[in-house]
Amino acid sequence: MTLATFRTFCIGCLLSVSTFTNAQITAGSEQQTATTDTATVTIQQVTAPEPTWLIDPKTVEPRLGALQKEIPLTYNTVTHQFVEYFAYRKPSFTKTMLERKGVFFPLYEKYLKKYGLPDELKYLSLIESGLNPKVISRAGAGGLWQFMPKTAKLDFGLKMDEYVDERFDPEKATEAACKYMRQLYNIFGDWHLVLAAYNTGPGNVRRAIRKCNGGQTFWSIYNCLPRETRAYVPQYIGILYMMHHADSHDIYAENIETAIPHDTIVLNTYIDLDKFATLSNINLEEIQKLNPQILTHILPARTRNFQLKLPKSEMAFFRENRQSILDSATKIPSTLIEKVMQTPGVVLASNKNEDTTNTFQQTLASIPNETRTVFTREIVEDDMEDVVINKKPKKTTYIVKKKDNLHQIAEHFDVDVYDIKHWNHLANTTIQPGQKLIIFKESAVSTTVKYARSNQKEKENVSKGKVRFHNVQNGDTLWNISQRYGGISIDKLKKLNGIKNNVVKAGMKLRVS
């Protein structure tokens with residue numbers, strides 16, 4: 001049997017492995033006991049046959065042992081399934097994390113060291129956000145470290161308003177996450193419980209401990225935790241393993257991302273970022289990438305000590321013309337002032353000694369126009385245990401037709417091109433009519449994978465230059481639509497769709513490229 005045939009056969013065993021997933025960690029009368037270096041794990045006896053693993057447990061278990069530092073990397077059937085999920089069912093996610101980690105890991109390492117936390121906690125952000133700094137969960141958690149609004153604002157002082165959300169600021173959010181994890185460790189004194197509490201909150205972990213008769217480890221309270229939290233520690237262990245051993249499973253980074261070298265200017269005024277980018281010959285997309293916490297294309301007049309990051313490679317012209325550029329970009333447009341003055345109940349101060357800034361700002365937030373945006377994203381379910389353990393993928397054999405290409409096939413099945421290549425051992429995207437391709441279609445896709453894919457798919461579609469359309473939803477504006485599709489200008493959107501004003505309504509279908 002050839003290696004390729006053997007591996008295809010092994011991947012097919014995913015279906016049989018998922019039927020074995022009743023081997024949950026549980027407490028019961030008929031159990032066998034497996035001892036780890038940190039906890040005693042009990043696994044329920046089942047009548048199902050032994051699973052056929054895609055990766056030999058004798059390979060995974062000692063590797064986890066060698067990787068372990070401060071945080072226990074417990075090996076059992078549950079953690080093994082998550083290793084295989086990232087190795088075989090979603091190799092594209094592992095590849096994307098390998099490509100993105102260089103942007104954020106140096107920052108994570110800096111703050112973990114500052115707060116005396118284990119360096120390996122940097123892998124937590126991979127399963128929180130897929131290293132996508134601008135995601136929002138169904139529950140409203142946002143950013144690389146998925147802070148809830150109340151926790152971010154009240155507990156850690158992160159600024160949140162209609163213009164700036166510091167949960168999306170990688171540096172400030174990372175520091176807040178380190179402070180939070182240090183607090184949780186002071187409460188529980190166990191890193192697995194810290195991870196669980198980070199996911200579900202310390203109150204839910206305490207309730208699980210009481211419900212499971214005072215168990216003091218993650219595995220001893222496993223069945224008493226919310227289902228999505230049961231998957232959290234195994235998922236963390238699985239992706240940590242893959243970040244160190246992806247090459248052993250033929251997964252490699254292709255387009256490595258690095259942090260953009262930047263300079264910083266401090267703003268204490270209104271600024272129009274579109275105008276600023278145009279006048280300074282700085283790419284607006286680069287400004288947005290460096291400052292993901294900015295939600296609109298303006299910063300308000302009340303802005304104080306805002307550190308705007310700018311790409312160092314594009315700063316020469318700005319330095320030479322700094323004053324004239326800022327004078328123009330920070331001038332509040334007369335049309336905006338007129339809208340404020342026409343707003344019922346608004347009176348702008350006329351006395352030169354009066355401060356008009358507060359009056360202006362109090363009304364600016366109420367003006368619905370293209371300068372403001374509703375930050376939205378697709379709502380998805382967040383239940384990794386259900387996706388990995390309970391819902392098996394559907395195996396399909398697709399026969400390549402004439403004029404087919406791998407990108408079209410991937411779009412048809414809603415899978416990643418990289419995954420198809422990995423499942424079928426393809427060195428490139430070349431395929432031939434009559435060729436048989438194995439496709440694994442997931443019954444459900446986890447939030448983590450959706451987060452990682454959302455940015456990637458937008459970038460790919462923009463680079464292809466395909467004609468695309470957007471169905472306008474409640475809360476959409478021309479500005480937020482433009483930002484979702486690679487920063488297309490509002491003027492171009494209006495021209496493409498024959499729009500004369502700045503009003504869009506739910507139900508409209510707009511061409512966006």
Side-chain angles (χ1 to χ4, degrees), residues 4-26 43-57 59-60 75-95 127 130 222-223 225-239 241-242 249-251 380-399 409-425 436-453:
T5 304
F6 175 74
R7 289 184 61 195
T8 302
F9 166 76
C10 287
I11 293 175
C13 294
L14 280 166
L15 305 178
S16 64
V17 169
S18 60
T19 64
F20 183 73
T21 57
N22 287 329
Q24 299 281 345
I25 296 170
T26 185
I43 303 177
Q44 184 179 1
Q45 293 280 9
V46 293
T47 57
E50 286 295 316
T52 304
W53 296 117
L54 306 180
I55 307 173
D56 189 344
T59 298
V60 177
Y75 175 83
N76 54 46
T77 57
V78 178
T79 54
H80 193 102
Q81 287 180 78
F82 280 88
V83 168
E84 295 200 345
Y85 177 79
F86 292 123
Y88 289 99
R89 285 167 62 178
K90 283 297 170 186
S92 57
F93 177 81
T94 301
K95 167 183 167 288
I127 62 172
Y222 182 89
N223 280 340
L225 288 164
R227 188 166 60 173
E228 66 273 13
T229 305
R230 293 202 299 261
Y232 198 69
V233 170
Q235 186 182 181
Y236 167 80
I237 294 172
I239 198 61
Y241 170 90
M242 289 305 301
H249 307 288
D250 297 326
I251 302 173
V380 292
E381 294 293 339
D382 186 9
D383 191 348
M384 192 69 169
E385 183 190 57
D386 206 33
V387 171
V388 175
I389 296 180
N390 300 327
K391 294 185 177 180
K392 60 186 180 182
K394 180 181 179 181
K395 181 182 177 182
T396 300
T397 301
Y398 179 79
I399 301 176
I409 295 170
E411 286 186 4
H412 175 75
F413 288 100
D414 192 25
V415 297
D416 290 271
V417 170
Y418 185 84
D419 289 340
I420 297 179
K421 289 170 62 181
H422 192 77
W423 295 329
N424 294 278
H425 323 297
K436 293 182 179 181
L437 297 177
I438 301 297
I439 307 290
F440 287 95
K441 175 64 177 172
E442 296 287 342
S443 301
V445 180
S446 73
T447 298
T448 302
V449 171
K450 283 251 187 179
Y451 287 170
R453 289 183 67 189

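No experiment lies behind these values; they were computed from the predicted model shown. Basis for what follows: all heavy atoms, side chains included, without hydrogens, waters or symmetry-related copies.
- The shortest distance between side-chain heavy atoms of K90 and Y85 falls below 4.5 Å.
- No side-chain heavy atom of V415 sits less than 4.5 Å from a side-chain heavy atom of F440.
- Counting only heavy atoms from C-beta outward, the side chains of W423 and I439 approach each other to under 4.5 Å.
- Taking the six-membered ring where the residue is Trp, H422 and Y88 present tilted rings, their angle falling between 30° and 60°.
- Taking 4.0 Å as the cut-off between side-chain N and carboxylate O, E84 and R89 do not count as a salt-bridged pair.
- In this structure the side chain of V387 never reaches within 4.5 angstrom of the side chain of V445, judged on heavy atoms.
- H80 and Y241 form no side-chain donor-acceptor contact under 3.5 Å, judged by distance and modelled atom types alone.
- With values rounded to the nearest 0.5 angstrom, I438 atom CD1 is found 3.5 Å from T397 atom OG1.
- When side chains are defined from C-beta on, F82 does not count as touching I239, because their heavy atoms never get closer than 4.5 Å.
- Using a 4.5 Å heavy-atom threshold, the side chains of E228 and M384 count as separate.
- Salt bridge annotation for R453-D414: present, with a cationic side-chain nitrogen under 4.0 angstrom from a carboxylate oxygen.
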* Asked: Taking it one step at a time, do T59 and W53 satisfy side chain to side chain contact (heavy atoms under 4.5 Å, CB included)?
  -> CA-CA 11 Å; T59 298; W53 296 117; over 6 Å; no
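- In this view, Y418 satisfies the ring-ring contact (aromatic ring centres under 6.0 Å, His included) rule with no residue, not counting sequence neighbours.
- A distance-only check finds no donor-acceptor pair linking the side chain of T448 to the backbone of G130 [under 3.5 Å].
- Using a 4.5 Å heavy-atom cutoff, the side chains of S446 and Y451 are not in contact.
- Contact annotation: the side chain of N424 approaches that of I420 to within less than 4.5 Å [non-hydrogen atoms, C-beta and beyond].
- In this structure, the ring-ring contact (aromatic ring centres under 6.0 Å, His included) partners of F86, at least two apart in sequence or on a different chain, are F93.
- Not a single side-chain hydrogen bond (donor to acceptor under 3.5 Å, both in side chains) links Y236 to another residue, sequence neighbours left out.
- Put simply, the side chain of S92 never gets that close to the backbone of D416: no donor and acceptor are under 3.5 Å apart.
- Of the possible polar contacts, none joining the K441 side chain to the T396 backbone as a donor-acceptor pair under 3.5 Å is found.
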